[in-house]
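The structure appears right after this line, and notes come after that.
As the structure lists them, so they are numbered: ligands from 1, and atoms in each ligand from 1. The first residue in the sequence is number 1, and the count goes up from there. FYI, side chains are in, hydrogens and waters are out, and symmetry mates aren't considered; it's all heavy atoms of this structure.
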Amino acid sequence: MRAMKAERMLQSQGFGSRKECRALIRAGVFAVDGVVVEDPFAEFDTGALAFSVEGVEWRYREKAYVMLHKPGGYECSRKPQFHPSIFALLPQELSQRDVQCVGRLDQDSTGLLLLSDDGQFIHVWSSGRKAIPKVYELTTSDPVSDDAIAALVAGVSLHDEPAPVRAAACERLGERALRLTVTEGKYHQVKRMIGAVHNRVETLHRSAVGGLALPADLAPGAWRWLDEADLARLRAFEPLGA
Ligand code: URA
């Protein structure tokens, strides 16, 4: 059992400062199991705590793990320069928990984006160390030759990279369409790899990270919590390109 005072519990879940949470509770908008709690110092077991704030249901989560179907035209930054921030697509409570992107997608890229406030998780899943496969579906401006596919798998030279960078897998989906799997997370990696075979990416969509695929029913712009099954799927991937 992990007992926590109501105001501290709400603060940990992104509902504002301790003072703001205290005011929320005193305003009578916080309820546990349908019963309004107005005492900010009431203690709760956070284990399987379900509560509501202003009628919206929440479950206590020690750490936040989330997937977002990133739409095009959004920047993976809290201080976006030219486009809206993906954080505008999340509820304020999640943003206030200081969730961060686990590896970024470019402004014009779409697809599976993971976010968390668990520093260790972010580190492991965004560093290239673990050779985690990231699967992209892309279209190109020019037809892709068989030689280009062979070169992508064999390894291409990228500016500022000491060693050739290779795709762990590359499958043709059409004359100008590929499914490409990479295990690093280098800056503009896929676009630069396609550039290295004298072509250009027109559209780029991330469909999976590790063993976790973007669910077909998660609409662009929508997000959801990762449950234990999702986290297990994430970890269940075949080591590729080792
Ligand atoms: N590689 C890119 O070039 N862009 C992305 O958004 C992701 C991978």
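In summary, the side chains of E202 and T140 do not present any donor paired with an acceptor at a separation below 3.5 Å, with no hydrogens or angles considered. Looking only at atom types and distance, the side chain of E184 has a donor-acceptor partner in the side chain of Q189 under 3.5 Å away. Side-chain contact of Q13 with R61: a donor-acceptor pair under 3.5 Å is absent, judged by distance alone.
Listed by chain and number, L105, D106, S109, Y136, H188, Q189, V190, K191, L204 each place a non-hydrogen atom less than 4.0 angstrom from ligand 1.
Only one option out of D118, D227, D230 pairs with Y65 in a side-chain hydrogen bond (donor to acceptor under 3.5 Å, both in side chains); it is D118.
Salt-bridge formation is not detected for the pair R200/D142: no Lys NZ or Arg NE/NH1/NH2 atom is positioned less than 4.0 Å from an Asp or Glu carboxylate oxygen.
Among residues at least two apart or in separate chains, ring-ring contact (aromatic ring centres under 6.0 Å, His included) pairs with a member in residues 165-224 are H69-H205, W223-W225.
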